[in-house]
Protein chains: 2
Amino acid sequence: MSETRWLTSCEQEVWRAFITAADALTDQFARQLQRDSGMPYTYYEILVALSEAPNRTLRMSELAGARGSSRSRLSHAVARLEEAGWVTRSTCPTDKRGSFAQLTEEGFAALEAAAPGHVTEVREKLFDVLSAEQVGQLGEISKAILRGLGVPDPPGCPAGEPGR
Amino acid sequence: MSETRWLTSCEQEVWRAFITAADALTDQFARQLQRDSGMPYTYYEILVALSEAPNRTLRMSELAGARGSSRSRLSHAVARLEEAGWVTRSTCPTDKRGSFAQLTEEGFAALEAAAPGHVTEVREKLFDVLSAEQVGQLGEISKAILRGLGVPDPPGCPAGEPGR
DNA sequence: GTGTACTGGTTGAACTCTCAATAAAGTTGG
DNA sequence: CCAACTTTATTGAGAGTTCAACCAGTACAC
C-alpha cells in the first residue's frame, strides 16, 4: 500500500464538473422519459436493446450483459415490462434454464412513441452545446474510460464519416 | 413542433460510449464506497458538502441545492445519517421552519476514513487513463453541458495552474 | 389583525435496485 | 450412473429515491 495520490485543485475541479454534469444529464433524461413516456430510463434501454436484436428477441443473460445490468435487476424489470404488455417471456427449448425476452408490438410502439422526445433531449442538452471537435474528444475520452474499466467498447465510426 | 433531428451514426456512437462510460464509472465508485465504507455515494457527497461548510453546518435547503438533490431525498438521507451518528439536526433560531444539519466528529472521522479509497479509485479509473490534454477537454465539455442545463458551475483553475 | 399565498422541511406509499438465497437445468469426473 | 460444480434465472427482504400530500412558519395584502 502506497500513499494516497490526492487530486490537485485542478483535477478536483474537473472531477466535480464531470460528475455533476454526468449526473445532471442522466437525471434530466430519466425525468423526461418518466414524465413523457411513463418508463424509467433503464426500461427504455431494455426496449432499445430488444428492438435491435434479431427477431426482437434476446436471452435474459445477453440482455443483462448488453448493458451492465445484473440478472436480478433484469428479472425484476422484465417482469414489470411483461405486466405492461411490452415484453413476453418464453423458455429456451435447447436449454431449459434459459429464458427469451421478446419485444411485443405494443412494446415496439411504446418505444417508437418515446424515442423522438428522448432523442430531442439528447440533441439539445448534449450535442447542441458542444462543438464538433468536442464531440470527437468526448468520444475518445469515453472510450478511454471504458477501456480502463475493462468494458469492451463497440467498434465505430472512423473519424470523418458523414454519418447516419 | 418541428421534425425530430435524429442522431447520426457517429453521434449515436459517441452518445452510447459516453452514457455507458459515465454510468459504469459512477457505478464503480458507488460500489467501491458501499463496499469499503458502508455508505452510498450520495451520503458521501452530503458528508463532503458539510465538511467544507463553515462550522461544518448547512441549512437543509442549501445542502439540497449544493448538489441537485430534492428536499425530500435529503430529509430521508439526513434522517439516516443521524441514525448513524454522523450528522445532527437542529432548528434555526431565526426562522423556525428551517433546520441545520451539522457534521459530527464521528461523521468527519467516517469521511476521513472513506476518502483515500475513493480518491484512489477516481485517480485510477479516470485521471490515469486520460492524458493531461484530455483532462482539460473533459473539464470544458462538462462545463458546457452544465451551462446548457442551467446549472451554475463553480469558478476554477485558469488553465495552467500547477494545482494543490 | 386576518386571509391568502409562499417557503422550508417532513412524511408515507409506490417503485427500483441490490444482495443473498434458492430452484432448476446443464456439465464434469470418477 | 451419480455426486459435485457451474450456469441461468427467479424470488424476497432491505435500502434509497420519487412523488404527492402535508404541517408549520413566514410574508404580503387588505
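By convention in this document, chain letters (A, B, ...) are assigned in the order of the sequence lines, proteins followed by strands, and residues within each chain are numbered from 1. The shown structure was predicted, so the numbers you read here are calculated from the model rather than taken from an experiment. Only this structure's heavy atoms are used, side chains among them; waters, hydrogens and symmetry mates stay out.
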**Request:** Name the nucleic acid region contacted by B:Thr91, choosing base, sugar-phosphate or nothing; use a 4.0 angstrom heavy-atom cut-off, strictly under.
**Result:** nothing
**Item:** Shortest non-hydrogen contact between B:Leu130 and A:Ala144, atoms and distance
**Value:** CD2-CB, 3.9 Å
**Request:** List the atom of A:Leu74, the atom of A:Ala64, and the distance in Å for their closest heavy-atom pair.
**Result:** CD1-CA, 3.6 Å
I'd like a table of donor-acceptor pairs (distance under 3.5 Å, sequence neighbours excluded) in which one partner is a side-chain atom from residues 19-27 of chain A, with atom names and distances.
residue: A:Thr20; atom: OG1; partner: A:Arg16; partner atom: O; Å: 2.6
residue: A:Thr20; atom: OG1; partner: B:Arg67; partner atom: NH1; Å: 3.2
residue: A:Asp23; atom: OD2; partner: B:Arg67; partner atom: NH2; Å: 3.3
residue: A:Thr26; atom: OG1; partner: A:Ala22; partner atom: O; Å: 3.0
residue: A:Thr26; atom: OG1; partner: A:Asp23; partner atom: O; Å: 3.0
residue: A:Asp27; atom: OD2; partner: A:Arg31; partner atom: NE; Å: 3.0

**Prompt:** For DNA chain C, what is the dot-bracket line, given that a base pair needs Watson-Crick (N1 to N3, plus N6-O4 or O6-N4) or G-U wobble (N1-O2 and O6-N3) geometry with both distances under 3.5 Å, and | means paired with another strand?
**Reply:** ||||||||||||||||||||||||||||||
**Complete:** Walking DNA chain C from its 5' end, the first of B:Asp27 and A:Lys96 to be reached, judged by nearest nucleotide, is B:Asp27
**Message:** Does anything in residues 71-82 of chain B form a salt bridge (Lys or Arg N to Asp or Glu O under 4.0 Å)? List the pairs, not counting sequence neighbours.
**Reply:** B:Arg80-B:Glu83, B:Glu82-B:Arg89
**Complete:** In the 5' to 3' direction, the nucleotides of DNA chain C bounding the stretch that comes under 4.0 Å of a heavy atom in chain A are C:dC15 to C:dG26
**Asked** What string of B, S and - do you get for nucleotides 9-16 of chain D, 5' to 3', if B is base contact, S is sugar-phosphate-only contact and - is no contact with any protein heavy atom under 4.0 Å?
**Response** BBBB--SS
**Message:** Counting C-beta onward and ignoring hydrogens, is there a side-chain heavy-atom pair between B:Leu103 and B:Thr57 closer than 4.5 Å?
**Reply:** no
**Prompt:** Contact class for A:Arg31 (heavy atom, under 4.0 Å): base, sugar-phosphate, or nothing?
**Reply:** sugar-phosphate
**Request:** Answer yes or no: is there a donor N or O on one side and an acceptor on the other, between the side chain of A:Ser51 and the main chain of A:Val48, under 3.5 Å?
**Result:** yes
**Min side-chain heavy-atom separation B:Trp86-B:Met39 under 4.5 Å** = yes
**Cationic N near anionic O, under 4.0 Å, A:Glu105 to A:Arg56** = yes
Output side-chain donor-acceptor pairs under 3.5 Å for residues 106-122 of chain B, partner residues at least two apart or in another chain, one line each.
residue: B:Glu106; atom: OE1; partner: B:Thr104; partner atom: OG1; Å: 3.4
residue: B:Thr120; atom: OG1; partner: B:Pro116; partner atom: O; Å: 2.8
residue: B:Glu121; atom: OE2; partner: B:Gln28; partner atom: NE2; Å: 2.6
residue: B:Glu121; atom: OE2; partner: B:Lys125; partner atom: NZ; Å: 3.2

**Item:** Residue pair B:Leu138 / B:Gln134, side-chain heavy-atom distance below 4.5 Å
**Value:** no
